[in-house]
*Asks:* 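The structure's right below; bear with me while I get my questions together.
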There are 2 protein chains.
Amino acid sequence: MPYRRTENVVRRLAARHAAIIAAARAAASEGGMAAVQIVPVARRAGIAAGTVYRYFPGKTDLVAALLEGIAHDEMAALRRAASVAPGPLSALAAAIMTFAARALRERRLTYAAIAEPIDAELDAVRLSFRRALAAEFSVRIAAAAAGSHLLEQDTALSGTALLGLLIEALVGPLAPDAAGRERETVQSLTLIALRGLGVADARARGLVVQTTLPAA
Amino acid sequence: MPYRRTENVVRRLAARHAAIIAAARAAASEGGMAAVQIVPVARRAGIAAGTVYRYFPGKTDLVAALLEGIAHDEMAALRRAASVAPGPLSALAAAIMTFAARALRERRLTYAAIAEPIDAELDAVRLSFRRALAAEFSVRIAAAAAGSHLLEQDTALSGTALLGLLIEALVGPLAPDAAGRERETVQSLTLIALRGLGVADARARGLVVQTTLPAA
DNA sequence: ACATTTGCTGAACCATGGTTCAGTTATTGG
DNA sequence: CCAATAACTGAACCATGGTTCAGCAAATGT
């Protein structure tokens with residue numbers, strides 16, 4: 001009985017799986033979630049529409065994989081940035097600025113992944129990304145507050161508010177065009193955010209200037 | 001030549017026009033924009049699907065009318081609240097708190113009207129609502145800054161950020177449930193917002209406590 | 001009551017986009 | 001090269017939901 005799925009084939013299959021997700025990501029990056037359609041994505045990946053269904057049970061699963069990938073990368077970048085900071089308040093600033101800088105670099109994709117509703121099933125996945133981001137902020141706010149670096153507060157509420165502030169001003173449909181002024185925009189928003197959470201203006205300015213952003 | 005469209009008929013037509021929009025509004029309020037579908041809306045309004053097309057050229061126009069109505073009400077409420085305030089900073093606080101309180105009262109509808117994408121054509125209308133809200137905040141921020149009540153800043157950016165903060169923390173999908181704590185939630189967020197814009201903590205607390213919200 | 005015009009009905013129609021599947025091609029061990 | 005199995009193709013299929021329209025009902029002035 002011939003055809004033993006060989007190593008070579010396994011590699012090609014894995015590459016295709018990745019290629020499909022990459023194609024979906026590119027589509028979302030260009031045209032938002034509405035552009036993530038089976039036939040165009042398949043064409044972009046260089047395969048037929050039907051073939052997509054050999055890799056994903058349905059569109060929902062494909063988009064879920066896409067969102068999970070983005071969420072994974074984003075959370076990792078946030079944690080990495082925060083982990084090298086000298087203290088909890090600095091870590092909070094680093095997380096905020098890293099998110100902001102990355103969002104600005106991939107406006108459309110970030111908006112698609114975080115804010116654009118799709119269907120009921122996928123909302124759960126998108127929501128969990130959003131929740132992870134807000135939770136990350138909430139935890140860092142709580143840590144900083146515990147060290148008396150900022151005011152006591154409802155950290156769930158402020159984490160959520162912080163996320164909304166950043167999304168709307170950076171990647172939302174009426175976010176001002178920041179081309180050429182990315183650094184300044186990120187700093188202004190971080191300043192607003194830190195002050196809002198209870199950091200004195202002077203101190204906040206210091207943090208914003210000190211924090212360096214990762215290149216990628 | 002009989003049938004001269006009489007006053008009586010005109011009244012019924014106007015009533016129906018309003019009933020259709022009201023039905024659409026109720027649908028959006030219950031199930032978000034996805035629930036605003038011609039057949040269900042028509043049924044809710046007590047008419048046949050086809051009849052909707054005697055009042056609106058297409059679904060787009062119906063939803064546009066719905067959004068414009070909501071936007072009109074909302075902007076009027078904001079301006080009314082701000083107009084009775086004693087000074088520009090107080091007016092800003094009043095606008096923020098009024099928006100927050102009203103949004104909390106109609107969470108789903110507010111989310112649907114402000115944040116839920118629909119189709120490309122309608123996005124323009126939804127965007128103009130969003131832009132009007134952000135602009136209202138921006139103008140009040142600028143007025144307060146001009147009177148040296150808060151720091152100089154990019155008012156377009158902070159107005160947008162403020163709107164995002166409020167939306168996300170109040171009506172977004174991961175806004176914490178505020179049932180029974182509406183007043184406290186509104187106050188906490190207003191505090192964060194005012195501090196973020198550069199009002200000292202003590203002063204901001206004073207404003208938040210002083211500002212009274214309209215009953216409706 | 002009647003002619004005339006408008007308004008209403010709702011099932012049929014259509015466009016969009018996800019999903020299926022019979023037919024074809026590719027890969028492997030012997 | 002051949003048998004066997006998996007992978008791929010793409011046009012047909014289907015579900016959803018907006019839109020149309022032929023037939024019917026209601027309103028009006030004489």
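Just so we're on the same page: letters track the sequence lines, and every chain starts at 1. Remember, predicted model here, so these are calculated numbers, not experimental data.
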*Asks:* Give me the one residue out of B/D177, B/L170, B/T190 that meets side chain to side chain contact (heavy atoms under 4.5 Å, CB included) with B/T185.
*Replies:* B/L170
*Asks:* Round to a whole Å and report the spacing from CD1 of A/I47 to P of C/dA26.
*Replies:* 16 Å
*Asks:* So what does A/R12 hit on the nucleic acid, given a heavy-atom distance under 4.0 Å: a base, only sugar-phosphate, or nothing?
*Replies:* sugar-phosphate
*Asks:* C/dG7 C1' sits how many Å from B/N8 CG, rounded?
*Replies:* 14 Å
*Asks:* Is there a donor-acceptor contact under 3.5 Å from the side chain of B/S83 to the main chain of B/R80?
*Replies:* yes
*Asks:* Does the side chain of A/T60 pick up a donor-acceptor pair with the side chain of A/E121 at under 3.5 Å?
*Replies:* no
*Asks:* Which is more 5' along DNA chain D, the nucleotide nearest B/V9 or the one nearest B/G50? Just name the residue.
*Replies:* B/G50
*Asks:* Taking any heavy-atom pair under 4.0 Å as a contact, classify A/T6: base, sugar-phosphate, or nothing.
*Replies:* sugar-phosphate
*Asks:* Side-chain N or O of A/T51 versus OP1/OP2 of D/dA7: is the shortest distance under 4.0 Å?
*Replies:* no
*Asks:* Describe the nucleic acid contact of A/R16 in one word from base, sugar-phosphate, nothing, applying a heavy-atom distance below 4.0 Å.
*Replies:* sugar-phosphate
*Asks:* Between P on D/dA7 and CZ on A/R11, what's the gap in Å once rounded to a whole number?
*Replies:* 16 Å
*Asks:* Rounded to whole angstroms, how far apart are OH on A/Y53 and C1' on C/dT19?
*Replies:* 5 Å
*Asks:* What nucleic acid atoms does B/F56 come within less than 4.0 Å of, heavy atoms only: base, sugar-phosphate, or nothing?
*Replies:* nothing
*Asks:* Can you tell me if B/Y55 touches the phosphate of C/dC8, counting only side-chain N or O atoms and a distance under 4.0 Å to OP1 or OP2?
*Replies:* yes
*Asks:* Rounding to an integer number of Å, can you tell me how far A/R5 CZ sits from D/dA4 C1'?
*Replies:* 15 Å
*Asks:* Measure the distance from CE on A/M33 to P on C/dT16 and round it to the nearest whole Å.
*Replies:* 22 Å
*Asks:* Would the distance check show the side chain of A/R126 and the main-chain N or O of A/I114 forming a donor-acceptor pair, the cut-off being under 3.5 Å?
*Replies:* yes
*Asks:* Less than 4.5 Å apart, any side-chain heavy atom of A/E168 and any of B/R130?
*Replies:* yes
*Asks:* Starting at atom CG of B/D61, determine the distance to atom C1' of D/dG18, rounded to an integer number of angstrom.
*Replies:* 13 Å
*Asks:* Closest nucleotide of DNA chain D for B/A49 versus for A/R54: which of these residues is on the 5' side?
*Replies:* A/R54
*Asks:* How close or far is atom C1' of C/dG18 from atom CZ of A/R43, stated in whole angstroms?
*Replies:* 15 Å
*Asks:* Want to settle it: does A/Q37 or A/P57 sit nearer the 5' end of DNA chain C, counting the closest nucleotide to each?
*Replies:* A/Q37
